[in-house]
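The next block holds one structure in the form of structure tokens; read it before the comments.
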Protein chains: 2
Amino acid sequence: MATETTGRINDHVAAEDIALQGVLEALVDPVRRSIVRQLADAERDIACGTFDINVTRSTSAHHFKVLRRAGIIRQHYVGTVKLNSLRRADLDRAYPGLLDAVIDAARREAAAEPGRDASSAQGRRSPAVSRSSR
Amino acid sequence: MATETTGRINDHVAAEDIALQGVLEALVDPVRRSIVRQLADAERDIACGTFDINVTRSTSAHHFKVLRRAGIIRQHYVGTVKLNSLRRADLDRAYPGLLDAVIDAARREAAAEPGRDASSAQGRRSPAVSRSSR
DNA sequence: CCATTAGGTCGATGACTGTCAAACTTGATA
DNA sequence: TATCAAGTTTGACAGTCATCGACCTAATGG
């Protein structure tokens, strides 16, 4: 068989359990907001490894877990590749206009900032850049 | 003279300098989100001391400072009283739909949670509740 | 002038979180 | 089977932040 979903389940939250606090906490991080924007612009499932974010794989895994547990993305495996999609309908029903507003804002943010990668947009947050040596 | 604004200036941010990161960071805190909601529901300037939030005056001052520096509220003194208002127009122009979406979500959040004060809504964040004795 | 009222500032503190490296798991492939 | 590729998990670390108490400032009113 070719593109069949394998096992390895994820703890997806039910649509009615999506909490505002969790959604905002997820979207406040620039890296995660960039992931959401790229997902919204693609309108096709994207593998975790092909996002334009400047962090290590372990940090990436952390961000995707936060987004999934907040109810913002849905994930499923195809072979060793994990594909991501936005839970647009669920979010629009729970918090109408919120996702669109943030995505629109993030788009303009990304367009205005010519920073070559997504995570460098807007400075603030993500203090790890200050880790000089070591 | 009666209701005239006194000195004591505040560092209000220019409308074009309102940053998405700052706005989201401000709105991610339940106490601040409650302040914004109460302000949106009142449609009249409210004094800092008359908000329904369960924190000390110093913590309250901190939250109002964050909101002001994010560009979400405008403040001005009248005597010793500091009045607050939402910067609706500025925010709507900078990030259309964002404030409304968050306020709507916060309203339903507050309506669903019968918690007698605002800061107890939604659990998460605000870990200070765990400070038992001392 | 003194008390009161409204609020701000200043550390200190505890909790959370974003980051990384290292070691591990799982499916595909040579 | 051995290897590789894609992600995950764990532990450590450093930075940020909400919170408080204590003290200070400014305007008002007796």
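Per chain, numbering begins at 1; letters A, B, ... match sequence-line order.
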- Rounded to the nearest angstrom, tell me the gap between atom CD in A:Glu25 and atom P in C:dA15. 17 Å

- Task: Ignoring backbone atoms, test whether A:Thr59 places a side-chain nitrogen or oxygen under 4.0 Å from the OP1 or OP2 oxygen of C:dG18.
- Result: no

- Message: What is the distance, to the nearest angstrom, from the CZ atom on B:Arg69 to the C1' atom on D:dC17?
- Response: 13 Å

- Most 5' of B:His63 and B:Arg57 on DNA chain D, judged by nearest nucleotide: B:His63

- Note on the structure: When rounded to the nearest 0.5 Å, the distance separating OG of B:Ser60 from NZ of B:Lys65 is 12.0 Å

- Please check the phosphate of D:dC20 (OP1 and OP2 only) for any side-chain N or O of B:Thr56 closer than 4.0 Å. yes

- Message: If the cut-off is 4.0 Å, is B:Lys65 near the phosphate of C:dG7, judged by side-chain N/O to OP1 or OP2?
- Response: no

- Item | Spacing between B:Asp29 atom CG and C:dC16 atom C1', to the nearest angstrom | 13 Å

- Message: If you go through the side-chain atoms of B:Thr80, does one of them form a donor-acceptor pair with the base of C:dG7 closer than 3.5 Å?
- Response: no

- Counting just side-chain N and O atoms, does A:Lys82 come under 4.0 Å of either OP1 or OP2 of C:dT26? no

- N-O pairing of B:Glu109 and B:Arg37 below 4.0 Å: no

- Item | Gap between atoms NE2 and C1', on A:His76 and C:dG27 respectively (whole Å) | 15 Å

- Message: Let me confirm one number: the CG-CG distance from B:Asp45 to B:Leu39, rounded to the nearest 0.5 Å.
- Response: 7.5 Å

- Query: What is the distance from NE2 of B:His62 to C1' of C:dA12, rounded to the nearest Å?
  - Reply: 15 Å

- Message: Among D:dG7, C:dT9, C:dG18, which nucleotide has an atom closest to any side-chain atom of A:Arg32?
- Response: C:dG18

- Query: How long is the line joining CD1 of B:Ile46 and P of C:dA6, in whole Å?
  - Reply: 16 Å

- Calculate, to the nearest 0.5 Å, the distance between atoms CG and CD1 belonging to A:Asp41 and A:Ile46 respectively. 8.5 Å

- Message: Starting the side chain at C-beta, find the nucleotide from C:dG18, D:dT19, C:dA6 nearest to B:Val81.
- Response: C:dA6

- In whole angstrom, what separates B:Asn84's CG from C:dG8's C1'? 14 Å

- Message: Given 3.5 Å as the limit, does a donor-acceptor pair link the side chain of B:Asn84 with the main chain of B:Gln75, or not?
- Response: no

- Query: For A:Gln75 and C:dT26, what is the distance between atoms CD and P respectively, to the nearest whole Å?
  - Reply: 17 Å

